[in-house]
Amino acid sequence: MKATEHMPEIIGLVNRLIQKGLAYPVAGDVYFQVEKYQAYGRLSKRKLEDLQAGARVEVDERKRHPMDFALWKGSKPGEPSWESPWGPGRPGWHIECSAMSMKHLGETFDIHGGGMDLIFPHHENEIAQSCGATGNEFARYWVHNGFVQINQEKMSKSLGNFFTIREIFEKSKWPEAETGEMLRYFLLGTHYRGPLDFSDQSLLEAKNAVNGFYDLFIRLKESEERTMADKGLMEVIERCRVAFREAMNDDFNTSVAIAELQRLKGDVNKLLGQGLSTEARKIAREEFRSLGNNLGLFQLEKWLFNEILGTGTLEAHAATVRGAGTVVTPGADALKFLGAAPSLLNEEIEGKLVERNEARKQKNFKKADEIRQFLASHGIVIEDKSDGTSRWKR
RNA sequence: GGCGCCGUACCCAAGUGGUUAAGGGAGCAGUCUGCAAAACUGCGAUGCAGCGGUUCGACCCCGCUCGGCGCCUCCA
């Protein structure tokens, strides 16, 4: 959806505000007259008289009040422009949000999100425009998130200390799905209103935490049929459901919601030690999937482990990392994932595993350990199972 | 000058006017294991930036201070 596809709606909205006496045209521009909108400043708790007019930018003398903001800006020669009743020009910053949300969501809608830095002036102005034009409430709830910070500093384009999610994917030595999930886990680990300091360590911690869940999922799939703890499982699941819902209902308290998932993980691991039926293990996995779905977690089935054998995903990805070279932005240190060693082909890993198990059978533990060591140097961890076979993971 | 967010253990991070201040990671010590990994068990803040105040009682309420971050008619 693009703002440029909504020019008729935008122009219509500006017209409506002029007709209501809330806006006035000046030499090809159209300004919203803040003094005519008595609730101005309600969202950001600002009073017109408290604002420092001209503190950063010189006041435009043509405006009736220094705080009046542009709904439409006449274009200078050579600039991209659209035709309007006030001459060629382009929409002011805030108007397209109002026009587009009105068209697609209605005059009043439930939730409007955005960074804290947008509270003023952007969201304040959106409200003024929208409510001014319709007389109705604009957004019922405002959800403002804290900043992502790098080394205690706001991440922003102008500071140059930013990088994109795509770059995180590219720098990571892990498959995209995994990287995405750990990023999501990291983001969800703190309350949305608080600041969030981005670092390679935080991401690594998130990765390990997510891995812990998938370790459990693998166990759920492999354990033998025993039914001792089935009943306990249902109790533990029910407790988690209630607590999880409660946390989310409390202003999206995702850190608590995640803590509940962790608690369930521990509970299920314990019950698994006692013995769960195939059916119960399936229920447990489904429960994680279902709860996790609220947060975009645990949706991957064959992720990470050798079940994805043959897809080539990991190898292709490692090539991307190797070719990427060094990062140029100041965020480089944050993106420098520790020891991004080149990966092995899945087939090679499988081969080494067979070789090692052969050695183990012959009690040639020296050789077995060498192979473990070799794979470890490539970031591959081997886990021996009780039935004599092994699994691996990165 | 105005408005706002944040400061909790080694790290990340919830939370409450008064029961043991969630959870995770790391660490240490065990169980298990050929060795590992995973899993499980145990240990870890007498204290929640500092100082005052309110209160029978504050980490949580109020005030001040210190420290970090952000916004305040341009551009998005």
Side-chain angles (χ1 to χ4, degrees), chain A residues 3 31-32 34 41 43-60 63 65-70 73 92-94 96-97 115-125 144-158 185-186 188-191 193-197 199 201-216 218-219 222-223 243 247 250 253-266 268-274 359-360 363-366 368-369 372-373 376 380-386 390-393:
Chain A
Y31 292 97
F32 185 93
V34 292
L43 178 73
S44 56
K45 295 176 193 153
R46 278 157 214 256
K47 299 187 193 102
L48 282 177
E49 54 271 25
D50 287 342
L51 295 160
Q52 283 193 316
R56 288 174 61 220
V57 180
E58 243 173 87
V59 176
D60 186 335
K63 292 201 266 185
H65 183 101
M67 294 301 301
D68 289 353
F69 58 90
K73 300 275 280 184
W93 168 24
H94 323 286
E96 84 283 1
C97 292
M116 289 195 312
D117 55 340
L118 295 177
I119 294 174
F120 191 90
H122 187 230
H123 293 157
E124 193 69 57
N125 291 352
H144 289 111
N145 58 275
F147 296 118
V148 176
Q149 301 181 161
I150 305 291
N151 300 325
Q152 310 288 305
E153 206 177 35
K154 175 188 174 186
M155 188 201 269
S156 76
K157 272 190 183 175
S158 50
Y185 188 97
F186 162 64
L188 260 16
T190 170
H191 190 89
R193 275 192 273 107
L196 182 69
D197 209 58
S199 68
Q201 195 198 329
S202 312
L203 271 191
L204 220 37
E205 284 183 8
K207 178 195 188 284
N208 291 337
V210 173
N211 266 343
F213 283 98
Y214 279 92
D215 281 338
L216 169 60
I218 292 293
R219 285 188 78 201
E222 291 175 343
S223 306
D250 182 15
N253 197 333
T254 51
S255 359
V256 168
I258 283 179
E260 292 303 334
L261 292 174
Q262 289 283 2
R263 205 190 301 273
L264 182 63
K265 182 184 81 151
V268 173
N269 262 324
K270 270 171 240 168
L271 296 174
L272 205 45
Q274 295 168 32
R360 286 174 69 214
K363 305 278 182 207
N364 187 350
F365 296 123
K366 185 170 176 290
D369 287 347
R372 180 199 289 289
Q373 201 48 48
I380 309 295
V381 179
I382 297 172
E383 294 181 14
D384 293 336
K385 296 191 284 184
S386 50
S390 311
R391 74 166 88 93
W392 62 273
K393 64 179 181 180

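Given the structure is predicted, the values throughout are model-derived calculations rather than measurements. Proteins come first, then strands; the chains are lettered A, B, ... in the order of their sequence lines, and each starts at number 1.
Judged by atom type and distance alone, Arg219(A) does not reach the base of A38(B) through any side-chain donor-acceptor pair under 3.5 Å. Asp197(A) contributes no side-chain N or O that forms a donor-acceptor pair with the base of C12(B) under 3.5 Å. Judged by atom type and distance alone, Asn208(A) does not reach the base of G24(B) through any side-chain donor-acceptor pair under 3.5 Å.
Scanning for side chain to side chain donor-acceptor pair (under 3.5 Å) contacts around Lys366(A) gives Glu370(A), with sequence neighbours left out.
Using a 4.0 Å heavy-atom criterion, one finds that His122(A) contacts no nucleic acid atom at all. Residue Asp384(A) is classed as a base contact, given a heavy-atom separation below 4.0 Å to a base. If you check every strand for non-hydrogen atoms under 4.0 Å, Arg372(A) touches a base. Here Arg193(A) lies in heavy-atom contact (under 4.0 Å) with sugar-phosphate atoms only. Residue Gly189(A) is in sugar-phosphate contact alone, with no base atom involved, counting any heavy-atom pair closer than 4.0 Å across all strands shown.
The two atoms that bring Arg360(A) and Ala368(A) nearest to each other are CG-CB, 3.7 Å, heavy atoms only. For the pair Gly189(A) and Ser255(A), the tightest heavy-atom approach, listed with the atom from each and the gap, is O-CB, 3.2 Å.
Heavy-atom nearest nucleotides on RNA chain B were determined for Lys366(A) and for Leu118(A), and the one closer to the 5' end corresponds to Lys366(A). When each of Ala368(A) and Phe69(A) is assigned the nucleotide of RNA chain B with its nearest heavy atom, Ala368(A) is the one assigned upstream, toward the 5' end.
Using the Watson-Crick or G-U wobble rule with both distances under 3.5 Å, C71(B) pairs with G2(B). Across all strands shown, G47(B) has no partner, as no Watson-Crick or G-U wobble contact with both distances under 3.5 Å is found. For G30(B), the paired nucleotide is C40(B), the pair qualifying as Watson-Crick or G-U wobble because both relevant distances are below 3.5 Å. Both distances falling under 3.5 Å, in either a Watson-Crick or a G-U wobble arrangement, occur for no nucleotide opposite C35(B). Base pairing annotation: C66(B) forms a Watson-Crick or G-U wobble pair with G7(B), both donor-acceptor distances under 3.5 Å.
Here the side chain of Pro195(A) is nearest to one of U41(B), C72(B), C5(B), namely C5(B). For Glu383(A), the listed nucleotide lying nearest its side chain is A37(B); candidates were C74(B), C11(B), A37(B).
The P atoms of U65(B) and U55(B) are separated by 23 Å, rounded to the nearest whole Å. Remark: the separation of the C1' atoms in A13(B) and C59(B) is 16 Å, to the nearest Å. The C1' atoms of U20(B) and C43(B) are separated by 16 Å, rounded to the nearest whole Å.
Separating the CD atom in Glu383(A) from the CZ atom in Arg219(A) is a distance of 10.0 Å, to the nearest 0.5 Å.
Taking 4.0 Å as the cut-off between side-chain N and carboxylate O, Asp384(A) and Arg372(A) count as a salt-bridged pair.
OP1 or OP2 of A14(B) lies within a sub-4.0 Å distance of a side-chain N or O belonging to Thr190(A). Here Lys73(A) does not reach the OP1 or OP2 of C74(B): none of its side-chain N or O atoms lies under 4.0 Å away.
Spacing between atom CZ of Phe32(A) and atom C1' of C74(B) amounts to 19 Å, rounded to whole angstrom units.
Asp197(A) has its side chain out of reach of Thr190(A): every pair of non-hydrogen atoms, C-beta onward, lies at least 4.5 Å apart.
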